[in-house]
A.B. asks: 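Before I ask anything, here is the structure I am working with.
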Amino acid sequence: MIKYGPVIITCVFTWIGFICAISFMEAWLKFRAPGITIPLGLGIGRLVFSTLNKVEWVFMLVMLGAVFSDGTWKFRSGLLLLTVLILLLLQTFWLLPQLDTRAEAYVNGETPPPSFLHFYYAGIEIIKVAALVIYGLKAFQYLPPKGTT
């Protein structure tokens with residue numbers, strides 16, 4: 001039983017909702033809106049993804065705090081959370097700065113060389129969502145049985 005199980009479950013599934021809404025929907029839909037130019041869309045994207053990244057860190061820190069304060073670190077489930085942490089670190093310190101530099105170049109009228117960075121980012125998002133879904137579902141087994149406190 002995990003004392004902070006409901007906190008972890010809430011963070012996991014809210015986080016998944018953020019990723020699905022922003023990375024899998026907003027990111028490409030904004031460019032289909034009338035009047036949105038590439039520089040304007042990239043400016044919006046930079047702001048939205050920077051904010052998403054900060055929100056993801058809040059979820060991660062709350063979850064880590066809950067897991068470690070409970071003293072219930074489970075090795076198999078812990079590997080899933082560690083995977084998400086590593087992916088978040090990759091996005092924060094490698095991919096987002098690289099993508100930000102590319103977006104800034106476009107906004108300034110330059111055309112950077114082709115790159116696979118967006119595919120890497122999307123791939124990481126897919127893996128991160130999968131790991132979070134599995135981790136979140138596993139967290140349900142540590143909740144107290146219904147009717148007990």
Side-chain angles (χ1 to χ4, degrees), residues 2-70 72-74 76-143:
I2 296 178
K3 181 178 175 184
Y4 297 107
V7 171
I8 293 168
I9 291 167
T10 300
C11 283
V12 165
F13 290 103
T14 304
W15 187 351
I16 291 167
F18 269 80
I19 292 171
C20 290
I22 293 172
S23 294
F24 301 147
M25 195 167 59
E26 181 277 340
W28 60 273
L29 273 179
K30 74 175 159 277
F31 290 104
R32 295 176 183 252
I36 296 293
T37 63
I38 297 292
L40 182 59
L42 291 172
I44 293 167
R46 289 170 66 195
L47 176 63
V48 168
F49 279 92
S50 171
T51 304
L52 172 62
N53 185 255
K54 290 172 178 73
V55 170
E56 288 184 291
W57 276 107
V58 169
F59 287 136
M60 177 57 74
L61 294 174
V62 168
M63 289 168 53
L64 288 172
V67 166
F68 285 112
S69 69
D70 252 351
T72 54
W73 180 262
K74 304 284 185 209
R76 291 175 74 195
S77 297
L79 286 178
L80 287 168
L81 193 56
L82 182 62
T83 299
V84 174
L85 175 62
I86 290 168
L87 295 173
L88 189 56
L89 285 165
L90 280 171
Q91 287 178 316
T92 302
F93 296 108
W94 173 56
L95 280 171
L96 284 174
Q98 292 289 325
L99 289 167
D100 194 54
T101 300
R102 290 180 59 78
E104 195 171 315
Y106 275 110
V107 169
N108 293 331
E110 302 168 22
T111 305
S115 112
F116 290 104
L117 292 172
H118 281 91
F119 293 110
Y120 297 153
Y121 192 91
I124 285 176
E125 291 289 69
I126 291 167
I127 295 166
K128 190 166 51 174
V129 165
L132 283 168
V133 166
I134 295 166
Y135 184 76
L137 292 174
K138 285 181 172 284
F140 278 103
Q141 72 186 353
Y142 300 113
L143 292 177

A.B. asks: Looking at every non-hydrogen atom in both residues, tell me the closest pair between V12 and L132 and how far apart they are.
C.D. replies: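 Heavy atoms only, the tightest pair is CG1-O, 3.1 Å.
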A.B. asks: Could you please spell out the steps behind the side chain to side chain contact (heavy atoms under 4.5 Å, CB included) verdict for F31 and L42?
C.D. replies: CA-CA 9 Å; F31 290 104; L42 291 172; 4.2 Å; yes
A.B. asks: Are the side chains of I36 and I44 in touch, meaning some heavy atoms are under 4.5 Å apart?
C.D. replies: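 Answer yes - side chains close enough.
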A.B. asks: To the closest 0.5 Å, what do you measure between CG (L52) and CD (Q91)?
C.D. replies: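 Going from the CG atom of L52 to the CD atom of Q91 covers 8.0 Å.
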A.B. asks: Might you point out which heavy atoms bring T10 and T14 nearest each other, and give the distance in Å?
C.D. replies: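 Minimum heavy-atom contact is O-OG1, 2.7 Å.
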A.B. asks: Tell me the closest heavy-atom pair linking W94 and P97, and the distance in Å.
C.D. replies: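 Shortest heavy-atom separation between W94 and P97 comes out as O-CD, 3.4 Å.
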A.B. asks: How long is the span from the CZ atom in F49 to the CD atom in E26, to the nearest 0.5 Å?
C.D. replies: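 Rounded to the nearest 0.5 Å, the CZ-CD separation comes to 6.0 Å.
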A.B. asks: Provide the closest heavy-atom pair for P113 versus R102 in the form atom of the first, atom of the second, distance.
C.D. replies: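 Result for this residue pair: O-NH1, 2.6 Å.
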A.B. asks: Are any non-hydrogen side-chain atoms of V62 and Y4 less than 4.5 angstrom apart?
C.D. replies: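 No - every pair of side-chain heavy atoms lies 4.5 Å or more apart.
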A.B. asks: Would L89 and W57 satisfy side chain to side chain contact (heavy atoms under 4.5 Å, CB included), going step by step from the backbone distance to the final call?
C.D. replies: CA-CA 9 Å; L89 285 165; W57 276 107; 3.6 Å; yes
A.B. asks: Return yes if some donor-acceptor pair links the side-chain N/O of R46 with the main-chain N/O of T101 below 3.5 Å, else return no.
C.D. replies: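 No; zero donor-acceptor contacts below 3.5 Å.
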A.B. asks: On a heavy-atom basis, which atom in A21 and which in M25 lie closest, and how many Å separate them?
C.D. replies: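 Heavy atoms of A21 and M25 come nearest at O-CB, 3.3 Å.
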A.B. asks: Calculate, to the nearest 0.5 Å, the distance between atoms OG1 and CG belonging to T83 and L88 respectively.
C.D. replies: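 Going from OG1 on T83 over to CG on L88, the span is 12.5 Å.
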A.B. asks: Is there a donor-acceptor pair under 3.5 Å between the side chain of S69 and the backbone N or O of A66?
C.D. replies: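 The answer is yes, because a donor-acceptor pair under 3.5 Å joins these two groups.
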A.B. asks: Measure across A139 and I9 and return the closest heavy-atom pair with its distance rounded to 0.1 Å.
C.D. replies: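 Result for this residue pair: CB-CG1, 3.7 Å.
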A.B. asks: So how far is it from I8 CD1 to Y135 OH, rounded to the nearest 0.5 Å?
C.D. replies: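 Going from the CD1 atom of I8 to the OH atom of Y135 covers 4.5 Å.
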A.B. asks: Would one find more than 12 heavy atoms of other residues, nucleotides or ligands at under 6.0 Å from atom CZ of F18?
C.D. replies: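 Open.
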A.B. asks: Mind checking the CD-NZ spacing from E125 to K128? Nearest 0.5 Å is all I need.
C.D. replies: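 Going from the CD atom of E125 to the NZ atom of K128 covers 4.0 Å.
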A.B. asks: Please walk me through it: do E56 and I19 pass side chain to side chain contact (heavy atoms under 4.5 Å, CB included)?
C.D. replies: CA-CA 9 Å; E56 288 184 291; I19 292 171; 3.6 Å; yes
A.B. asks: Pair S115, Y120 - check side chain to side chain contact (heavy atoms under 4.5 Å, CB included), show working.
C.D. replies: CA-CA 10 Å; S115 112; Y120 297 153; over 6 Å; no
A.B. asks: If you round to the nearest 0.5 Å, how far is CD1 of I134 from CG of L81?
C.D. replies: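 One gets 13.0 Å once the value is rounded to the nearest 0.5 Å.
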